[in-house]
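Not measured: the values here are computed from a predicted model.
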Amino acid sequence: MPADANVNGDIFGGWLVSQMDLAAAITARQRARGRIATVAIHALTFRKPVHIGDLICCYGTLQKVGHSSMTIDIEAWAVKSDTMEKYLVTEGCFVCVAIDTQGKPRPVDLTPA
């Protein structure tokens with residue numbers, strides 16, 4: 001949406017990172033089978049700008065599961081609204097921790113869902 005644009009008329013990077021964080025949270029929550037929190041973003045690379053009107057798709061790949069933490073690689077792809085061309089715009093490495101109802105770290109079950 002136009003309200004999400006930066007001064008160059010492209011999508012604001014912070015908005016895109018929030019969408020990537022949602023994708024990481026979905027991936028982590030499925031694996032942890034419960035509540036999680038993002039605790040770090042180890043790397044984030046903006047490859048190309050996203051233009052107003054393009055569709056954004058975020059994909060998560062679980063890379064590592066620790067005692068309570070999960071490392072997830074996220075790729076954000078844009079689909080051009082006019083040509084339907086798909087291109088990589090941003091990639092990052094997110095770390096999420098499984099938490100209990102009090103917000104304290106809890107173990108992640110080692111058997112995948």
Look up atom CG in Leu62 and atom OG1 in Thr71, then write down how far apart they are to the nearest 0.5 Å. 8.0 Å
When you measure from the side chain of Arg106 to the backbone of Ala32, do you find a donor-acceptor pair of N or O atoms at a distance under 3.5 Å? yes
Minimal non-hydrogen separation, Arg47 against Leu88, with atom names: CB-O, 3.9 Å
Is it true that, when you exclude Lys48 itself, more than 12 heavy atoms of the residues, nucleotides or ligands shown sit nearer than 6.0 Å to its NZ? no
Hydrophobic cluster membership, Tyr87 vs Leu16, 4.5 Å side-chain cutoff: yes
Roughly how far, to the nearest 0.5 Å, is the CG atom of Asn6 from the CZ atom of Phe12? 8.0 Å
Rounded distance (nearest 0.5 Å) linking atom NZ of Lys80 with atom CG of Leu55: 14.0 Å
Between Val95 and Ser69, which heavy-atom pair has the shortest distance, and what is it? CG1-CB, 4.3 Å
For residues Thr27 and Gly60, report the shortest heavy-atom separation together with the two atoms involved. OG1-CA, 3.9 Å
Cys96 side chain reached by Ile72 side chain, heavy atoms, under 4.5 Å: yes
If you take all heavy atoms of Ile56 and Trp15, which pair is closest and at what distance? CG1-CZ3, 4.1 Å
With side-chain contact (heavy atoms from CB on, under 4.5 Å) as the test, would you mind laying out the steps for Trp77 and Val79 before giving the verdict? CA-CA 7 Å; Trp77 290 74; Val79 180; 5.9 Å; no
In the single-linkage hydrophobic clustering (I, L, V, M, F, W, Y; side-chain heavy atoms under 4.5 Å), do Met70 and Ile99 co-cluster? no
Decide side-chain contact (heavy atoms from CB on, under 4.5 Å) for Ile11 and Ile52; before the verdict, give the C-alpha distance in whole Å, the side-chain angles of both, and the deciding distance to 0.1 Å. CA-CA 6 Å; Ile11 295 297; Ile52 299 290; 3.6 Å; yes
Smallest separation among heavy atoms of Ser81 and Asp54, with atom names: N-OD1, 3.2 Å
Within a strict 4.5 Å, meaning less than it, do heavy atoms of the Phe46 and Val17 side chains meet? yes
Would you call Met20 and Ile41 a side-chain contact if the rule is heavy atoms closer than 4.5 Å? no
So does His51 get a backbone contact from the side chain of Asp10, meaning a donor-acceptor N/O pair under 3.5 Å? no
Side chain of Arg29, backbone of Ile36: donor and acceptor closer than 3.5 Å? no
Atom of Val89, atom of Ala78 and distance for their closest heavy-atom approach: CG1-CB, 3.7 Å
